[in-house]
Amino acid sequence: MTRSRSTNTIGLYDRYVMPTYTKTPLVIERARGSTVWDAEGVRYLDMFPGWGVSGVGHCPPRVAQAVARQVKRLMHVSNNYFHAAQALLAQRLSERAFDGKVFFSNSGAEANEAAIKLTRKFGGPDRYEILTTENSFHGRTLATVTATGQPKYQAGFDPLVPGFRSVPFNDLEAMRRAVTHQTGAILVEPVQGEGGIQIAAVEYLRGLRQLCDARDLLLIVDEVQTGLGRTGRWFAYQHAGIVPDVMTLAKTLGGGIPIGATVVARPNADLMGPGTHASTFGGSPVACAAALAVIETIERGRLVERAARLGRYAVDRLQALQRRHRIIRAVRGLGLMLAVELSVDGRPIVEACRKEGLLINCTQERVLRLLPALTVTQAELARALKMLDEVLASRAGRSGLRRRAERAVR
Ligand SMILES: *Cc1c(COP(=O)(O)O)cnc(C)c1O
């Protein structure tokens, strides 16, 4: 009966939507918290909600309510005028991060793009270069994909934007050696998300701060994935007790409504004067109302502390899995940013999990990534890890068989 609903939708995509994404044949119709339902009414436990966008869960009630209220009063104002929500949101972000000013946009890439242009203003024509790290991820616009230290994302898009170089992550000496008289900034994720949940050492971040101070460079932290409580702090750089010059945010910030933010510390907060940068939709009343409600949701639910606590629980349980499954090579986590590194391709495991009703992600081919909503319950986490356990158990048997078969062929 309803089987055709998914098939129809997928058929329309095939014909009319550009095929830029690797897709999973799952048409999602409805979601709440950490649960989603497909077009046939089948239920899934979502441990990777919206690639981190639905950080306070799908359709968070306070956010849904704030958006509903806002769309009836005022949906859009050009940035040549003022509106209260943008002012309040800038204040709330600055109070929770560091004293500074905010530029609002619509996505992570756009937030980083503003940081890149700010660096050009900061360094002038001679100090335009931005040092980034290998395996980083900063977005898919031409400049941010150049900043992204992964050739696979850059292939086919030459000529790239000049002025970026990437060096090994968590290697302070490599960064120090890379700085030249042309360097204007260092751009780094406190935890590389797409790179496989690689966690920056506290000493690394402190060292970068010192290096930037010594060489008069901007320290830009990309917190698009790590920001807003995800790692058990409001912002992941806070684990290191440092203050960056620039921080970029998106994903969780809007609770599902597109918004990006570039937070710039004084004294550089006024480097971009009137006319130097813009984004027509940036910081719209609806997006800002949503983000204010996200912040309220995080605070009322004490979700930052909760992410830290549930993250410790999850890592414990994942380490127990590691003792049972030889294909798990490592377990990493900071708050609710979790990774299970395998010795085999993780994509068939993600697919097997989906068939069992569990949504997770695989990055860097062998790293299973979980970014559960900060509102996830311990029972949901336990259920998800049990499903993963079962899938790994059945896959281990199967891949063992396949290996034996391959050997027999050779
Ligand atoms: C997702 C992500 C981006 C890009 O965000 P978009 O909203 O897709 O442009 C940039 N940096 C990091 C660390 C991300 O995880």
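Just so you know, ligand 1 is whichever comes first in the structure, and atom 1 is the first atom listed for that ligand. In this chain, numbering begins with 1 at the start of the sequence shown.
Glu110 places a side-chain N or O within donor-acceptor distance of the main-chain N or O of Asn106, the cut-off being under 3.5 Å.
Among protein heavy atoms, atom 12 (C) of ligand 1 sits closest to Phe137 O, 3.4 Å. Residue, atom and distance of the protein heavy atom nearest to atom 11 (N) of ligand 1 are Asp222 OD2, 2.8 Å. In this structure, the protein non-hydrogen atom closest to atom 2 (C) of ligand 1 is Lys251 NZ, 2.6 Å.
Heavy atoms of Asn112 found under 4.0 angstrom from ligand 1 belong exclusively to the side chain. Within the 4.0 Å heavy-atom criterion, the part of His138 lying near ligand 1 is the backbone and not the side chain.
Residue nearest to atom 5 (O) of ligand 1, selected from Ala111, Gly108, Ala147: Gly108 (by heavy-atom distance).
Defined by atom type and a distance below 3.5 Å, a donor-acceptor pair is missing between the side-chain atoms of His138 and Thr132. In summary, the side chains of Tyr313 and Arg317 do present a donor paired with an acceptor at a separation below 3.5 Å, with no hydrogens or angles considered.
Contact annotation: Glu194 has no heavy atom less than 4.0 Å from any atom of ligand 1.
In terms of N/O distances under 3.5 Å, ligand 1 is approached by Gln225.
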message: side chain to side chain contact (heavy atoms under 4.5 Å, CB included) for Arg127 and Thr183? Distances and angles first, verdict last.
response: CA-CA 5 Å; Arg127 294 205 309 142; Thr183 309; over 6 Å; no

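Val224 has its side chain out of reach of Phe137: every pair of non-hydrogen atoms, C-beta onward, lies at least 4.5 Å apart. The shortest distance between side-chain heavy atoms of Asp99 and Ser94 falls below 4.5 Å. Using a 4.5 Å heavy-atom threshold, the side chains of Leu342 and Arg329 count as separate.
For ligand 1, the atoms closer than 4.0 angstrom to any heavy atom of Glu189 are 13 (C). Residue-ligand proximity, Ser107 to ligand 1, at heavy-atom distances under 4.0 Å covers atoms 7 (O), 9 (O). Set against the non-hydrogen atoms of Ala109, the atoms of ligand 1 under 4.0 Å away are 4 (C), 5 (O), 6 (P), 9 (O).
Below 30°, between 30° and 60°, or above 60°: for Phe281 and His76 the angle between ring planes is above 60°, a perpendicular geometry.
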